[in-house]
Number of protein chains: 2
Amino acid sequence: MSTTGSSLMGEWRQLLARHARVSEALERELERHHRLSVTEFEALRHLAESDDNGCRLQQLVDDVHMSQSALSRLIGRLADEGLVERRSCAEDRRGIFAVITDEGRRRLAEATPTHEAVLERTLR
Amino acid sequence: MSTTGSSLMGEWRQLLARHARVSEALERELERHHRLSVTEFEALRHLAESDDNGCRLQQLVDDVHMSQSALSRLIGRLADEGLVERRSCAEDRRGIFAVITDEGRRRLAEATPTHEAVLERTLR
DNA sequence: GCACTATACATGCATGCGCATACAATGCCA
DNA sequence: TGGCATTGTATGCGCATGCATGTATAGTGC
């Protein structure tokens with residue numbers, strides 16, 4: 001009785017429920033097995049997909065759904081763990097490239113099957 | 001190029017993007033115009049829909065997507081603002097009923113058009 | 001070259017969250 | 001009835017977040 005189905009409200013509730021179900025499971029499993037949060041995983045994946053020069057933080061903000069400050073600290077944490085390197089940009093010295101390291105690729109590769117398994121299990 | 005579309009991964013990314021788009025807009029507008037967070041609005045709405053005896057916190061946890069501790073504090077904030085009353089339960093004195101107040105119904109009624117307008121604008 | 005504005009990232013601060021735990025009330029079983 | 005696990009809620013704590021702001025660099029008009 002809580003899902004009207006056709007109304008906007010019902011659709012939004014379904015989206016909320018689905019998002020909560022999947023992201024809670026992802027958070028739990030990724031944290032338990034790989035010590036990664038969902039946002040950390042997402043950032044690593046985007047970095048792995050970008051070319052080898054890495055990615056301007058500016059650009060990552062658009063991909064990962066997160067404030068600029070949150071992203072800055074996220075990259076900081078990943079850098080502290082050695083999963084990412086910060087490289088300052090020669091052409092525009094305000095800019096910072098985040099580049100995934102080999103260790104970062106390794107951790108991402110380890111975590112990806114877990115991620116997929118959770119999606120398989122919870123998304124439908 | 002970031003949305004594969006058919007894969008689980010693509011579907012999950014779409015869900016993330018949609019959720020972020022809607023909830024960021026909701027958060028902003030509800031906060032700006034009615035000083036309510038999205039979770040506060042959701043809780044009020046659930047309480048308004050439940051019968052007049054209110055709702056056990058325990059039960060609300062299942063409806064709102066939130067930990068028990070977060071809900072306890074959320075109800076605390078709403079109670080501080082006079083939008084909700086805590087009533088202890090006679091049959092089981094561990095239990096707490098949260099009951100929406102008239103003021104709570106008023107605030108909810110004020111905020112609902114904003115909520116609907118944002119859904120209309122961002123959900124599709 | 002000099003002021004002024006805009007952009008990119010970092011950081012202080014307040015807040016909400018989840019986890020673990022504390023506490024109170026209940027149920028159960030000997 | 002007495003002990004013990006269970007359930008419902010509150011709270012201490014650490015952490016990630018967003019907002020506002022700070023700092024450095026870039027661009028632009030004069």
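Note that the coordinates shown come from a computational prediction; the quantities given were computed from them, not determined experimentally. Here is how names work: the chains are called A, B, and so on, in the same order as the sequence lines, proteins then strands, and each is numbered from 1.
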Problem set entry | Donor-acceptor pair present, A:Ser69 side chain and D:dC19 base, under 3.5 Å | yes
Problem set entry | Spacing between B:Glu31 atom CD and C:dA14 atom P, to the nearest angstrom | 17 Å
Seminar exercise, completed: Winner on side-chain proximity to B:Met66, out of C:dA10, C:dG18, C:dC9, is C:dG18
Exercise. Is B:Arg94 side chain donor-acceptor paired with the D:dT7 base, going by distance under 3.5 Å alone?
Worked result: yes
Exercise. Starting at CD1 of B:Ile96 and ending at C1' of D:dT11, how long is that distance when rounded to a whole Å?
Worked result: 14 Å
Exercise. Below 3.5 Å, does any donor atom in the side chain of B:Gln68 face an acceptor in the base of D:dA10, or the other way round?
Worked result: yes
Problem set entry | Most 5' of A:Asp92 and A:Thr39 on DNA chain D, judged by nearest nucleotide | A:Thr39
Exercise. What nucleotide among C:dG18, D:dG18, C:dA10 has an atom nearest to a side-chain atom of B:Ala70?
Worked result: C:dG18
Problem set entry | Base C:dC19 to side chain B:Ser67, donor-acceptor N/O within 3.5 Å cut-off | no
For this session: Kindly say whether A:Gln68 contributes a backbone atom to a donor-acceptor pair with the side chain of A:Ser72 at under 3.5 angstrom?
Result: no
Seminar exercise, completed: d(A:Leu15 CG, B:Ser23 OG) to nearest 0.5 Å is 9.0 Å
Seminar exercise, completed: Walking DNA chain C from its 5' end, the first of A:Ile75 and B:Glu91 to be reached, judged by nearest nucleotide, is A:Ile75
For this session: Calculate the interatomic distance between A:Glu42 atom CD and D:dA16 atom C1'; express it in whole Å.
Result: 16 Å
Exercise. Among B:Thr101, B:Leu83, B:Leu78, which residue meets the side chain to side chain contact (heavy atoms under 4.5 Å, CB included) test with B:Arg107?
Worked result: B:Leu83
Problem set entry | B:Arg35 CZ - C:dT15 P separation (whole Å) | 14 Å
Exercise. What is the nucleic acid contact for A:Arg28, judged by heavy atoms within less than 4.0 Å: base, sugar-phosphate only, or nothing?
Worked result: nothing
Seminar exercise, completed: Taking for B:Arg73 and for A:Glu40 the nucleotide of DNA chain D with the nearest heavy atom, the one nearer the 5' end belongs to B:Arg73
For this session: May I have the distance from B:Leu78 (atom CG) to C:dT15 (atom P), rounded to whole angstrom?
Result: 16 Å
Problem set entry | Side chains of A:Arg124 and B:Glu11 in contact at under 4.5 Å (non-hydrogen atoms) | yes
For this session: Mark yes or no for whether A:Glu40, through its side chain, and A:Ser37, through its backbone, hold a donor-acceptor pair below 3.5 Å.
Result: yes
Exercise. Are any of A:Arg93's side-chain N or O atoms less than 4.0 Å away from OP1 or OP2 of D:dT25?
Worked result: yes
Exercise. Rounding to a whole Å, what distance do you find between A:Leu71:CG and C:dC9:C1'?
Worked result: 10 Å
For this session: Let me know, please, whether B:Arg77 or A:Phe97 comes out on the 5' side of the other along DNA chain C by nearest nucleotide.
Result: A:Phe97
Exercise. Within this structure, what is the CD-to-C1' distance between A:Gln59 and C:dC9, rounded to whole angstrom?
Worked result: 15 Å
